[in-house]
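Written out below as structure tokens is the structure these notes cover.
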Amino acid sequence: MSDKKQVVDSAMRTVSTDGIPAESLTAADTAGQRSKRSGKEIANLLIRTITPVVLAIIAGGLILLAMGKDPLFFYGNIINYGIMGRGWQQSLVMMTPLLLLAAGLIVVFRGKLWNLGYDAQYLLAAVLVIGFAPSLNAVLPWWLTLIVLTLLGVAVGAAWTIVPAILKARFETNEIITTLMMSFIGVGIANLLVRGPFQDPDVVVPQTESIPLDSMLPYIPGTRIHVGLIVAVVVVLILHWVLTRTSFGLRLDIFGANPKTAMHVGINTSRMIVTLFIISGGLIGLAAAMDMLGLWGYVRSNWNPEYGAAVIPFVFLARLNVLGSIPFVAFYAIVANGGQIAAQDSDLSTDFILVLVALILIFMSIIEYIGTRRDLGQSYLPPGLKTSVAQIFGRKKSS
Amino acid sequence: MTTQVAENPVIVGMKNVTKTFPGVVANDQISLDIRQGLVHCLLGENGAGKSTLISILAGMQQPDSGQIEIDGKVSRITSTRAAMKLGVGVVYQHSTLISSMTVLENLMLGDTKRVLLDKKGARTKLRDLSALLGAEIDPEIKARNLGLGQQQQVEIIKALWQGSRVLILDEPTSMLTPQAIESLLASVVRLRNEGLAVIFITHKLREAYAIGDEISVLRKGRMVKHVPARELAKMNESSLKNTVLTAMFGDDQASAGNRKTIEELAGAATASRQARKAGSVSETTVLSVSQVTCSPNDGTRGIFDINIAIRAGEILGIAGIDGHGQSTLAEVLAGQRKLQSGRVLLGETDVTHLDVRARQSMGLRYVTDDRLHEGIVGNLPVSLNLLLKRVGQKPFWNRGRINRQEVLDESNRLISEFDIRTPNPETRAGTLSGGNIQKLLLARELSNNPKLVIFNKPTYGLDLKTVARVREIILEFANEGVAVLLISADLDELTELADRIAVISQGRLIGETPNVGARTAEIVGEIIVNEGAAATGKSRK
Ligand SMILES: Nc1ncnc2c1ncn2[C@@H]1O[C@H](COP(=O)(O)OP(=O)(O)OP(=O)(O)O)[C@@H](O)[C@H]1O
Ligand SMILES: [Mg+2]
């Protein structure tokens with residue numbers, strides 16, 4: 001090998017001496033490189049990230065005014081109930097499944113695969129975890145039951161992605177359609193299970209048995225926050241590390257950038273697709289397990305918290321960065337948690353919270369458009385997706 | 001050649017235009033006039049700033065300082081749409097056609113004025129414009145099925161679609177066969193005679209001499225030489241070459257010792273052929289391909305009944321018009337495509353069913369011709385792109401964890417070895433100039449102990465000096481016992497490097513000849529003609 005190196009060396013050197021001296025370009029640039037993410041760029045990025053949220057809050061306030069409500073009273077109450085007193089603890093509990101769900105979506109979205117089957121992955125895992133809790137509790141110690149049920153949740157969530165994953169890997173079937181279809185089926189099955197085999201025999205309403213309080217996840221000492229939050233935070237941190245620091249994370253980014261390149265480089269794209277879906281579903285199943293075992297303890301039929309839909313805009317606001325998603329998820333958890341009672345106090349429907357999320361989405365789209373024209377910071381969308389969209393509208397991007 | 005003189009009115013005037021990127025001054029105080037009815041050739045080594053300059057004219061980049069005058073009025077070109085309105089049409093270095101759409105659909109994407117699509121009108125317009133170019137183009141053919149030459153014609157039509165007065169072409173000929181280049185140049189001349197102002201970027205001096213009315217040379221972002229029409233008309237080819245090369249690669253080269261290098265670059269560079277060691281081809285077969293057939297169902301051209309054997313130290317050239325199965329052949333050999341039948345042996349090992357990674361670890365390397373969409377990940381830094389095929393391997397990754405220092409050291413080594421012009425190893429690879437991306441690919445594939453290298457158009461988009469260097473490297477590798485499969489549309493390149501040349505047509509190898517020097521091109525031509533005659537003969541029966 002060293003022989004060959006020398007051959008190349010000498011062949012290259014002879015010419016590079018009379019070309020532009022490499023130093024003249026590189027020397028100036030170590031400094032230039034540091035400034036790659038210059039102060040201005042970071043400021044732009046922040047502006048672009050926070051503006052839609054601020055605008056949504058303002059626009060929501062105007063809507064409230066138009067409805068004859070006092071926006072300051074409503075927003076003040078959100079902070080009151082969402083942070084003050086014990087509010088912050090409830091918000092943190094609410095963050096648990098949302099963080100895991102966001103992580104589960106980010107993993108596949110980074111590979112430009114769209115897992116939209118999160119509702120069924122969550123609900124099926126939730127129902128099966130709750131459904132098997134009584135029988136497992138009868139034979140196993142409480143801590144082992146919790147571990148087994150958690151693994152069950154992960155497995156169920158992951159399993160529900162397998163069909164779309166394999167169809168995508170084998171036949172390039174559009175995964176948006178297959179995951180949505182699997183979601184319809186899965187949500188239906190979850191409801192059937194609640195009304196059928198897992199129905200609590202002691203009540204008439206269609207719901208499962210409740211797990212007794214003493215067999216649920218323990219609280220973090222001194223709080224009313226279950227340890228699921230710790231699990232979620234640890235998992236999210238590990239995932240962030242895996243995505244940014246390991247060869248797997250790099251392969252994932254190469255695959256996400258362009259499957260053709262991935263193939264060229266020697267990445268097994270089919271295996272990558274299946275792996276990503278399984279991790280995604282597994283994380284969503286874990287969200288369900290933590291949520292059930294830590295907070296809810298039972299499932300009623302037709303119940304669907306729709307975490308996925310709520311979290312998607314924030315996942316994009318965070319530019320598919322796992323760590324970056326944490327503050328957004330926290331923000332949403334506070335608004336959703338505090339907003340419940342705040343809405344009642346202002347005599348509003350709790351759906352107003354969804355209006356706020358929708359407003360954020362609208363302003364994101366507007367800023368995305370302006371930002372692209374003004375070259376303002378980084379787009380919300382993954383670059384490949386953006387260029388393909390831009391191409392469709394006939395904009396030219398090149399060399 | 002033309003007798004037109006500088007009186008032609010200036011349509012676009014650039015005055016002291018400067019554009020910097022982090023770590024580079026891509027354009028440094030550049031002034032340039034574009035005149036009606038003249039072809040203005042823009043030359044310069046890789047990374048000199050040519051594409052940046054035209055992206056400013058195209059409205060894709062805003063200059064940091066300086067101004068642009070259109071018809072004498074200071075104008076700001078704020079977007080590509082604004083550029084179109086001002087009558088500036090651009091054919092970019094890398095294709096912008098959408099491959100799954102037809103020619104007509106691609107062209108109609110530019111029709112932003114109306115809401116309803118006017119297919120009939122578009123057809124007429126396409127017919128008129130192709131007549132203007134002297135080209136024949138089927139409006140209903142999918143862009144991916146166009147030959148590269150036709151693709152360029154369609155790109156030109158697309159650039160002219162909104163009624164441009166200025167046409168900018170960024171390295172339009174770098175992928176074309178000699179015939180396609182001829183017809184492209186003829187088209188450009190027709191347009192010029194219609195009164196269009198043309199900017200023509202190329203690395204080939206022959207083309208610049210053939211159609212340039214004015215010539216400008218960029219170096220390190222600065223305008224180092226301008227040859228106005230009046231002067232150019234008086235120059236002969238070789239004095240032009242000397243002027244341009246001296247400007248391009250610096251005065252330091254004009255010193256006596258280096259004068260020869262310049263002449264070598266200018267000439268056909270047959271010297272390197274003699275550098276080939278006699279008897280360097282050994283008896284061991286490195287690659288043997290028998291009866292390989294692969295017809296992909298994604299619309300790309302298939303290959304049929306391919307038989308190839310390459311020995312250690314041998315260079316086998318594949319000649320043929322682009323799009324006749326060359327890429328499929330390369331992909332099959334690299335393991336990127338499954339074949340329907342046949343066998344591929346690497347040394348003694350049957351690799352027919354081995355994947356890309358396994359073949360890589362056996363020393364197979366593949367330099368793709370799709371550098372932008374397959375070769376690199378534009379958003380990743382140059383350093384990681386250089387190690388893209390070694391992700392996860394020691395010493396750069398240790399049990400999955402990246403060792404940044406090792407990655408940096410190795411990439412710095414490759415960057416200086418292959419003289420890749422990048423501000424630093426952390427720069428996003430997508431921002432490099434076209435030629436430097438090509439150097440990145442070569443650096444990646446030629447490092448780390450290759451045994452068989454497949455080159456698909458290894459030198460396209462490279463400046464003269466780098467072309468010479470890359471060819472030298474290919475020969476050196478062969479001398480060291482590496483087997484080389486060299487796919488190229490450039491017959492000169494093949495006759496300079498290859499030991500044998502096989503001709504591909506319609507996915508089949510239709511003939512082969514040893515490289516016998518000057519007469520080889522003629523023989524290859526005969527093979528193609530004979531095949532054509534045989535084919536028509538058959539179809540008559
Ligand atoms: N968007 C960008 N961001 C950062 N740097 C850039 C960008 N575009 C170009 N550059 C840098 O500007 C310099 C000039 O690049 P340009 O593409 O204009 O060269 P070129 O003359 O067209 O070269 P080639 O012949 O290789 O195509 C290069 O050093 C390149 O790295
Ligand atoms: Mg260029």
Side-chain angles (χ1 to χ4, degrees), chain A residues 1 3-5 7-20 22 24-26 28-36 38 241-242 244-251 253-254 256-258 260-268 373 375 382-384 391-399, chain B residues 22-24 45 51 55 58 60 79-80 92-94 96 98 109-110 112 170 220 249-250 252-253 258 336 355-357 360 366 368 373-380 384 388-389 391-392 397 400-402 416-419 421 423-424 426-427 434 446-449 465 469 472-473 476-477 480:
Chain A
M1 147 134 201
D3 270 28
K4 196 133 297 149
K5 254 180 2 198
V7 171
V8 180
D9 258 13
S10 52
M12 283 298 178
R13 286 282 148 67
T14 43
V15 199
S16 64
T17 43
D18 39 57
I20 300 178
S24 77
L25 281 169
T26 37
D29 296 328
T30 348
Q33 181 225 342
R34 299 282 133 73
S35 65
K36 205 174 65 178
S38 63
W241 181 81
V242 167
T244 53
R245 296 291 147 85
T246 67
S247 53
F248 173 77
L250 181 56
R251 284 202 193 101
D253 284 346
I254 295 168
N258 192 343
K260 207 175 157 196
T261 312
M263 189 104 95
H264 177 66
V265 168
I267 293 169
N268 185 332
R373 303 207 59 181
D375 216 11
Q391 240 177 18
I392 292 170
F393 293 108
R395 283 219 211 102
K396 288 169 186 162
K397 280 243 149 189
S398 119
S399 83
Chain B
V24 245
E45 61 182 345
S51 296
S55 76
M60 294 208 312
S79 67
T80 49
Y92 295 95
Q93 190 166 4
H94 300 106
T96 59
I98 297 173
L109 280 178
T112 43
D170 194 354
K220 293 196 235 177
F249 299 117
D252 40 326
Q253 271 220 337
N258 280 327
Q336 289 173 219
D355 64 8
V356 177
R357 275 241 140 164
Q360 276 167 16
Y366 169 32
T368 172
H373 301 112
E374 181 170 271
I376 61 160
V377 179
N379 271 315
L380 288 179
L384 288 177
L388 218 51
K389 293 195 173 172
V391 175
W397 277 267
R401 270 164 55 200
I402 189 164
S416 68
E417 225 173 79
F418 284 78
D419 191 25
R421 301 286 161 80
N424 62 67
E426 298 308 317
T427 305
L446 298 184
S447 54
N448 199 23
N449 235 358
K465 187 154 58 175
R469 201 173 347 151
E472 215 168 294
I473 290 171
E476 298 278 8
F477 267 101
E480 292 285 305

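Just so you know, these numbers come straight off a predicted model, no measurement behind them. Because only heavy atoms are used, hydrogens play no part in the values below, and waters and symmetry mates are left out as well, while side chains stay in. Every chain is numbered from 1 and lettered A, B, ... according to where its sequence line falls, protein lines coming before strand lines.
- With sequence neighbours left out, the side chain to side chain contact (heavy atoms under 4.5 Å, CB included) criterion links B:Arg401 to A:Trp241.
- Between A:Ile254 and B:Leu388 the shortest side-chain heavy-atom distance falls below 4.5 Å.
- Smallest separation of non-hydrogen atoms from A:His264 and B:Gln336: ND1-OE1, 2.8 Å.
- In this view, A:Asp253 and A:Arg110 satisfy the side chain to side chain contact (heavy atoms under 4.5 Å, CB included) rule, not counting sequence neighbours.
- A donor-acceptor contact shorter than 3.5 Å is absent between the side chain of B:Glu374 and the backbone of A:Asn258.
- Using a 4.5 Å cut-off between heavy atoms, B:Leu384 contacts chain A through its side chain alone, with no backbone atom that close.
- Smallest separation of non-hydrogen atoms from B:Val377 and A:Ala257: CG1-CB, 3.4 Å.
- Side-chain N or O atoms of A:Thr261 include one that pairs as donor or acceptor with a backbone N or O of B:His373 at under 3.5 Å.
- Closest approach of A:Thr246 and B:Trp397 over heavy atoms only: C-NE1, 4.2 Å.
- Heavy atoms only, all atoms of each residue included: B:Lys389 and A:Val265 are closest at CA-CG1, 4.0 Å.
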